[in-house]
Amino acid sequence: MSDTHSIIFRVIRRIPRGKVAAYGQIARLAGFPGQARLVGYALHALRDGSGPRVPWWRVLNARGEISLPAPADQDLQRSLLEDEGIVFDLRGRVDLKRFGWKK
DNA sequence: CTAGTGACTGTTT
DNA sequence: AAAACAGCCACTA
């Protein structure tokens, strides 16, 4: 596994329960400003549970919506977030003003 | 080495 | 407010 991924995962592990962060925000905190896609790519490599324990479901895009390609995974992520108290509006979006991880 | 692609984002239509 | 565009970068063919 590359170092960049490790650094990114380390940042994501700091996201407190009940809060969500955007890809770009993770990238910035990890020291890679403007490289949101890199975060997405790193997380994509996790989907086989073969990686370190990372709360990947607390990562959303800048609009506050789930960005996963597979509908099945989207439902899973949504359920996990709702279990932590996150609320989705009728359009399936989270209010980042309320649940965004402010750092 | 070149080209296409993707768990993105800020700006401009 | 939603959609289109153009940067961004690692990875694959």
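So you know, we letter chains A, B, ... as the sequences are listed, proteins then strands, and number each from 1. If you're wondering where the values come from, they're calculated on a predicted model, not measured in any experiment.
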Please classify the nucleic acid contact of A:A27 as base, sugar-phosphate, or nothing, using heavy-atom distances under 4.0 Å. nothing

Rounded to the nearest 0.5 angstrom, the CD-CD1 distance for A:Q35 and A:I26 is 14.0 Å

Taking A:E84 first and then A:R58, would you say they form a salt bridge - that is, a charged N and a carboxylate O separated by under 4.0 Å? yes

Atom pair distance, as rounded to whole Å: CG in A:L68 and P in B:dA7: 8 Å

C:dA10 P sits how many Å from A:H44 NE2, rounded? 17 Å

OP1 or OP2 of B:dC8 sitting under 4.0 Å from any side-chain N/O of A:R28? no

Reported CG-to-CZ distance for the pair A:L96 and A:R63, which is rounded to 0.5 angstrom: 12.0 Å

Are A:R93 and A:F88 in a cation-pi contact, defined as NZ or CZ under 6.0 Å from the six-membered ring centre and within 45° of the axis? no

By nearest atom, which of the nucleotides B:dA7, B:dT9, B:dG6 is closest to the A:P69 side chain? B:dA7

Just the rounded figure in Å: distance from P of B:dG6 to CG of A:D73. 16 Å

Using whole Å, what does the distance between atom P of nucleotide C:dC9 and atom CG of A:L38 come to? 9 Å

Taking the minimum atom-to-atom distance to the side chain of A:R63, which one of C:dA3, B:dC8, C:dC11 wins? C:dA3

Measure from CD1 on A:I26 to C1' on C:dC9 and round the result to the nearest Å. 17 Å

Whole-Å distance separating the CZ atom of A:F9 from the P atom of B:dA7: 15 Å

Does some side-chain heavy atom of A:L68 sit less than 4.5 Å from a side-chain heavy atom of A:Q77? yes

Short side-chain N/O contact to C:dA2 OP1/OP2 from A:R91, under 4.0 Å: yes

Without decimals, in angstroms, what is the distance between A:H5 NE2 and C:dC9 C1'? 11 Å

Looking at the side chain of A:A62, which of B:dT9, B:dG6, C:dC9 is the nearest nucleotide? B:dT9

Start at the 5' end of DNA chain C and walk down; is the nucleotide closest to A:Y41 or to A:R37 reached first? A:R37

Of the candidates C:dC9, B:dT9, C:dA2, the side chain of A:R93 sits closest to C:dA2

Using atom CG of A:L29 as one end and atom P of B:dC8 as the other, report the distance to the nearest whole Å. 18 Å

